[in-house]
Amino acid sequence: MTLVLQISYYLSMLSFIVGLKYLSSPLKAKRGNIIAAIGMITAVLATIFSVYLGKSLNLNFILIILAILLGTIIGKRMSDRAEMTKMPQLVSYFNAMGGGCALLLGILEAQQIHQDSRTAEIVLLIAMMIGASSFSGSIIAFLKLSGKQKDKKSIFVMLLSRSILLAMIIVPVLVSFDILNLSLLQEVAILACLACFYGVVFVLPIGGADMPVVISLLNSFTGLATALAGVMFHNIIMIAGGIFVGAAGVLLTLLMCNAMNRSLLSVLAGKFKKSSSYGNSVAKELEIQVTTIGETASKLAFANKVAIIPGYGLAVAQAQHLCNQLEIILENRGVEVEYIIHPVAGRMPGHMNVLLAEADVNYNKLKEMDDVNDEMNSYDVAIVLGANDVVNPAAEQDENSPIFGMPIIKAYNAQNVIVVKRGMSNGYAGVENKLFEYENCTLLFSDAKIALADIINELKSLV
Amino acid sequence: MEGFTIEAIFYFITLCVFLGVEIISNVPSILHTPLMSGANAIHGVILVGAIIVMQRIPSDDYINLSIGFLAVLFGTLNISGGFFVTGRILAMFSKKKKA
């Protein structure tokens, strides 16, 4: 039986590798997901068989099967019901489940561990703590993305999180040197509480727009917890799966940070580098040109080539379906329409692509920023919907700007730029947008969804 | 893995780290969301650990059995939710390609 188990684990490890590899290629992604899922089922079935083969089936077995059935049904229903805009929350939620599983494993294993080895105990404690932090952190991220929890930035929270982190290191050290006399179970209980609390104060100060980075990071935390639990059980598939996700998650996190030109540390500290002098010196009135729905509609109608630059605001306004309608109307008039997607548009990298795909936008019309930036001037009109910082030329020109160096869509090179936004408020980075002062730029003050609906109506009346 | 030394595990982990980074290093940004979700599903392999622990619990230890039940449930949710969500996201893309 061990041989069968080993072979199954080996095959599922292969399937994880191939699955992840395929998931990072557009044509094979769907197959990759299925391959990884088959590998997972293989690993789980092999484990159940190896554990219960030849033994009488007891209550434990029934509970395991029940829990698996229940989990599968709930997971399926939750993922079927959620809207595409809610995907980041859902990923965060399922990640919390993985972390919670690691936490519970730690509690159970602490009562069963028999070998008198402090190293094994430390591995257990770390796996449990990472799992617990990831669990509570993901729950907070989930609540934040669902709009049920606001950011809490204060020195107090920062100090609290540092001191909890310190306590989480000190307690096991003290126990190791017999300075603190705790049973393993007591130690687990104390550290589990600390770690859960740490997860909360870790995520609380982080800004809403940085949530994708945090989810990705927590994702790799859970991977790490899984791998450590694997070390605990001497289980090769847990180690492999956990480490793949842990490593890939860190890389993905860094890719996201790069795209936003932020260091991971500044994301985690929950702040932008605030140069206060910068904010004051440029606090003059911007000279802007305001446009109307009618003007916008006619500009769009008589253009040859239009770029739609969607951002976070579009997703919030749930206006992606209207975006598609606008595209169809314009195309019927013979206007070429393309979408330009900034890598971090939406709430997760690639999220905007998913949202537009859901709204039936043709995959081939989605252009990546780097592919079109050099030919921006071929667009007659660039309409910016709910995006701000990603089109701010200050990122290229103003060395003092907090967003300096961030890659942007060079919308200002288009013949005409129309920015649809609700008010003169600054973007997430809190930086004034130099683009608004450009001669070829006009602003349309409105909610993205209302504006789109109005433009569409206006276009329909234009014959 | 039983009988493997801690050194062997250490070597194995190191190789896995590099492999994990390498296999996704060329991912285009449009696939970040499904990839994150797919990776999320894969760490649900912790369910294997939950099953191993669960079967060791004495059948009359109801408190720990309920904790174990929750652990298996959480692990399964992580897996099923992760793969189903990834499947749904990817279905959005492929629907377009055929059209």
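Here is how names work: the chains are called A, B, and so on, in the same order as the sequence lines, proteins then strands, and each is numbered from 1. All of these numbers come straight from a predicted model, not from anything done at the bench.
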Subject >> Under 4.5 Å from any heavy atom of chain B - which part of A/S25 >> reply: backbone
**OP:** Any chance you could lay out the side chain to side chain contact (heavy atoms under 4.5 Å, CB included) test for A/V231 and B/I13, step after step, and finish with the verdict?
**Re:** CA-CA 10 Å; A/V231 173; B/I13 289 180; 4.0 Å; yes
Original post:
Is A/N235 reaching over with its side chain to a backbone N or O of B/V48, donor-acceptor style, under 3.5 angstrom?
Top reply: no
Original post:
Which of these passes side-chain contact (heavy atoms from CB on, under 4.5 Å) with B/V53: A/L108, A/I107, A/L104?
Top reply: A/L108
Subject >> Audit row: A/N95, B/H43, side chain to side chain contact (heavy atoms under 4.5 Å, CB included) steps and yes/no >> reply: CA-CA 9 Å; A/N95 184 45; B/H43 66 51; 2.9 Å; yes
**OP:** Select one option (side chain, backbone, both, neither) describing which atoms of A/M238 are under 4.5 Å from chain B's heavy atoms.
**Re:** both
**OP:** Go through the atoms of A/L66 and report whether side chain, backbone, both or neither lie under 4.5 Å from a heavy atom of chain B.
**Re:** both
Original post:
What is the minimum heavy-atom distance between B/A39 and A/N219, and which atoms define it?
Top reply: CB-ND2, 4.2 Å
Original post:
Sub-3.5 Å donor-acceptor pair from the side chain of A/N60 to the main-chain atoms of B/P58, do we have one?
Top reply: no
Original post:
Under a 4.5 Å cut-off applied to non-hydrogen side-chain atoms, are B/I51 and A/V44 in contact?
Top reply: yes
**OP:** Could you pull out the closest heavy-atom pair between B/S59 and A/L59, with the gap in Å?
**Re:** O-CD2, 3.7 Å
**OP:** Can you see which heavy atom on A/C101 is nearest to which on B/A71, and at what distance?
**Re:** SG-O, 3.2 Å
Original post:
Hey, are the side chains of A/H234 and B/I9 touching, using non-hydrogen atoms and a 4.5 Å cut-off?
Top reply: yes
Original post:
Does B/R88 use its side chain to pair, donor to acceptor, with the backbone of A/S79 at less than 3.5 Å?
Top reply: yes
Subject >> Non-hydrogen side-chain atoms of B/F12 and A/I243 separated by less than 4.5 Å >> reply: no
**OP:** Under 4.5 Å heavy-atom distance to chain B, tell me which part of A/I17 shows up: side chain, backbone, both or neither.
**Re:** both
**OP:** Measure the shortest side-chain to side-chain distance between B/V72 and A/I68 over non-hydrogen atoms and say whether it is less than 4.5 angstrom.
**Re:** yes
Subject >> Side chain / backbone / both / neither for B/I24 at chain A, heavy atoms under 4.5 Å >> reply: both
Original post:
Can you find a pair of side-chain heavy atoms, one from A/Q112 and one from B/I57, that are under 4.5 Å apart?
Top reply: yes
Original post:
Looking at A/T226, A/L224, A/L218, which has the largest count of heavy-atom pairs under 4.5 Å with chain B?
Top reply: A/T226
Subject >> Under 3.5 Å donor-acceptor, A/S24 side chain and B/I23 backbone >> reply: yes
Original post:
Between A/G39, A/S12, A/G75, which shows the greatest number of heavy-atom pairs under 4.5 Å with chain B?
Top reply: A/G75
Subject >> salt bridge (Lys or Arg N to Asp or Glu O under 4.0 Å) pairs, two or more places apart, involving residues 61-83 of chain A >> reply: A/K76-A/D80, A/E83-A/K86
Subject >> Least distance between heavy atoms, B/V45 atom then A/G241 atom >> reply: CG1-CA, 4.3 Å
**OP:** Check whether A/L90 gets within reach of chain B through its side chain, its backbone, both or neither, counting any heavy atom under 4.5 Å.
**Re:** side chain
**OP:** Check B/L77 against A/F94 and note the closest heavy-atom contact, atom names and distance.
**Re:** O-CD2, 3.4 Å
Original post:
Which residue, B/T33, B/N40, B/T86, forms the side-chain contact (heavy atoms from CB on, under 4.5 Å) with A/V91?
Top reply: B/N40
**OP:** Report the C-alpha distance between B/F74 and A/L103 in whole Å, list the side-chain angles of each, state the deciding distance to 0.1 Å, and finish with yes or no for side chain to side chain contact (heavy atoms under 4.5 Å, CB included).
**Re:** CA-CA 10 Å; B/F74 282 5; A/L103 165 64; over 6 Å; no
Original post:
Could you give the distance from CD1 (B/I42) to CG (A/L23), rounded to the nearest 0.5 Å?
Top reply: 7.0 Å
